Trainee: 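Have a look at the structure that comes next, please.
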Amino acid sequence: MNSKIIKALIEKKGYISGEALSTELGVSRAAVWKHIEELRRKGFEIESSPKKGYILKKTTDRIDTGIIKNSLKTDFIGKNMEVFDSIDSTNDEAKRRTSANFDNGLVIISEIQTAGRGRLGRIWESPKNKGVWMSVLFNPTELEPNHGSRLTLLAAVAIVKAIENQLGDNLKNLKDRLSIKWPNDILFNGKKICGILTEMGADIDRINWLVLGMGINVLNDSEDFPSEIREIATSLKILTGQALDRNILIASILNELEELYIPFKKTGELTHFIDFYRERSLVPDRKLLIHRRGEITECVGVTVTDEGFLRVRHNDGHIEDVFFGEVSVREALI
Ligand code: ADP
């Protein structure tokens, strides 16, 4: 019932009378009042005026599966969703769920990660109530093992689209736009807003499970980042001055993910989203530093290929297609 009231208040975008709510939801006005009180206790700011009725001023700043599910249009992603107050890492929790007959599309979210991870064992800062620290578990039986890591690229496109759907006008007023740092980070003005970590369990010829993890800085203020990353990290709140509703953002990401994932899992091809990815990945003519097994190579970006590889030109002129694996790309400062 609470989630139906929230949905009605969000959709109305203005005052809705107690009478209209009670008719729409088929309960008494006293019951409506009781539920409104309960929502207020949960942190929703709902104002009431004797003449006009109720208006939603602010949704809860906690992650709430009821609100997420109201905006979810998916068939399988997020049908089951678990929200933790605290967890080591949402990817680790998703990986603990990969035993027999696991739940394809299970979503794990936590308000804080105590051991959030980036690639190659790096730390992902995941402060309490500030971000979207979330993982989705997939069972992509049709996908070839060497196509599994492409899910990272798909997720980057889904997340950019979801953020822009929600923040559209606010972002348009800013000087830059969201870009993708190949393969797995989303940046704004060169600062990281989101990291993506895909992990996979596979045999030689089949994928047993894929876990897609993402960390999105939503409500962080600059002081919420440790000083080592303050210069390289940013959040949607820092960019727009707006405290975005994480629940709506989560639903929107899951909707975009499923739309891209369904055609992808059949063929493993990136056809339907690689142009978007390429256009946002700002590779052409960039001076890049490739960090690989302790070695740093300077080169120039050419493009992202149809297969999702980073194509670069080395100083001696030869072209190389770099695979996601053990590589980290930095922009050269010269
Ligand atoms: P890379 O940038 O080399 O691809 P990862 O994608 O694995 O590295 O991300 C981990 C790195 O991101 C950390 O080493 C740190 O520099 C940075 N980082 C950690 N937490 C955050 C965060 N919440 N927001 C932005 N950047 C972060």
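We count ligands from 1, going down the list as the structure has it; atoms in each ligand are counted the same way. It should be emphasised that the depicted structure is a prediction, and the values quoted were computed from it without experimental measurement.
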Trainee: Out of the candidates Thr303, Asp321, Leu288, only one should pair with Leu310 under the side chain to side chain contact (heavy atoms under 4.5 Å, CB included) rule; please name it.
Mentor: Leu288
Trainee: For Glu228, is the nearest heavy atom under 4.0 Å from an atom of ligand 1?
Mentor: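 False for this residue.
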Trainee: Which ligand 1 atoms are under 4.0 Å away from a heavy-atom of Asn184?
Mentor: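 Taking each heavy atom of Asn184 in turn, ligand 1 has 4 (O), 6 (O) under 4.0 Å.
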Trainee: For atom 11 (C) of ligand 1, what's the nearest protein heavy atom and its distance?
Mentor: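 Checking every protein heavy atom, the shortest distance to atom 11 (C) of ligand 1 gives Lys192 NZ, 3.6 Å.
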Trainee: Which atoms of ligand 1 are found less than 4.0 Å from any heavy atom of Gly118?
Mentor: 7 (O)
Trainee: Quick test: of every protein heavy atom, which one is nearest to atom 15 (C) of ligand 1, and how far off is it to 0.1 Å?
Mentor: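 Protein heavy atom with the smallest distance to atom 15 (C) of ligand 1: Ile229 CG2, 3.9 Å.
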Trainee: Between Glu295 and Arg292 (salt bridge meaning N to carboxylate O under 4.0 Å), is one present in this structure?
Mentor: no
Trainee: Tell me whether Arg330 reaches ligand 1 (any heavy atom closer than 4.0 angstrom to a ligand atom).
Mentor: yes
Trainee: In terms of atom number and element, which parts of ligand 1 are under 4.0 angstrom from non-hydrogen atoms of Glu125?
Mentor: 19 (C), 20 (N), 21 (C), 23 (N)
Trainee: Is the closest basic N to carboxylate O distance between Arg96 and Glu93 below 4.0 Å?
Mentor: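 Salt bridge between Arg96 and Glu93, a charged N being under 4.0 Å from a carboxylate O: yes.
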Trainee: For atom 3 (O) of ligand 1, what's the nearest protein heavy atom and its distance?
Mentor: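 That would be Ser328 OG, 2.8 Å.
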Trainee: Out of curiosity, is Leu120 lining ligand 1, as in a heavy atom under 4.0 Å away?
Mentor: no
Trainee: To which protein heavy atom is atom 24 (N) of ligand 1 closest, and what is the distance rounded to 0.1 Å?
Mentor: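 Here the closest protein heavy atom is Asn217 ND2, 2.9 Å.
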Trainee: Please could you name the atoms of ligand 1 that Arg119 approaches to less than 4.0 Å, counting only its heavy atoms?
Mentor: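 Counting atoms of ligand 1 from 1, those under 4.0 Å from Arg119 are 4 (O), 5 (P), 7 (O).
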Trainee: Does Val160 reach the side chain of Arg177, with side-chain heavy atoms less than 4.5 Å apart?
Mentor: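 Side chain of Val160 against side chain of Arg177, heavy atoms only: no contact under 4.5 Å found.
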Trainee: Angle class for the Phe76/Phe138 ring planes (parallel below 30°, perpendicular above 60°, tilted otherwise)?
Mentor: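 The arrangement is perpendicular - the two ring planes meet at more than 60°.
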Trainee: With heavy atoms of Asp185 as the reference, note each atom of ligand 1 found under 4.0 Å away.
Mentor: 1 (P), 2 (O), 4 (O), 6 (O)
Trainee: Scan side-chain atoms only and decide if Asp64 and Asn247 contain a donor-acceptor pair under the 3.5 Å cut-off.
Mentor: no
Trainee: Are any of the side-chain nitrogens in Arg230 or Asp224 under 4.0 Å away from the carboxylate oxygens of its partner?
Mentor: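 Not counted as a salt bridge, because no side-chain N and carboxylate O are separated by less than 4.0 Å.
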Trainee: Any N or O of Trp133 that comes nearer than 3.5 Å to an N or O of ligand 1?
Mentor: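 Trp133 vs ligand 1: no N/O contact under 3.5 Å.
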Trainee: What is the nearest protein non-hydrogen atom to atom 8 (O) of ligand 1, stated with its residue, atom name and distance?
Mentor: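 The answer is Arg122 NE, 3.2 Å.
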Trainee: At what distance is the nearest protein heavy atom to atom 16 (O) of ligand 1, and which residue and atom is it?
Mentor: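 Residue, atom and distance for the closest contact: Ile232 CD1, 3.6 Å.
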Trainee: Give me the residue, atom name and distance of the protein heavy atom closest to atom 19 (C) of ligand 1.
Mentor: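 Looking at atom 19 (C) of ligand 1, the protein heavy atom closest to it is Ile123 O, 3.2 Å.
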Trainee: Which protein non-hydrogen atom lies closest to atom 22 (C) of ligand 1, naming both residue and atom, and how far is it?
Mentor: Trp124 CZ2, 3.4 Å
Trainee: Could you check whether Thr114 and Asp88, counting side-chain N and O atoms only, form a donor-acceptor pair closer than 3.5 Å?
Mentor: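 Checked: Asp88/Thr114 side chains show no N/O donor-acceptor pair below 3.5 Å.
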Trainee: Do the side chains of Arg97 and Asp103 get close enough for a salt bridge, i.e. N-O under 4.0 angstrom?
Mentor: no
Trainee: On the 0 to 90° scale, with breaks at 30° and 60°, tag the His318-His314 ring pair as parallel, tilted or perpendicular.
Mentor: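 It falls in the parallel class, under 30°.
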Trainee: The test is ring-ring contact (aromatic ring centres under 6.0 Å, His included); show your working for Phe323 and Phe309 and say whether it passes.
Mentor: CA-CA 5 Å; Phe323 182 61; Phe309 295 122; 5.8 Å; yes
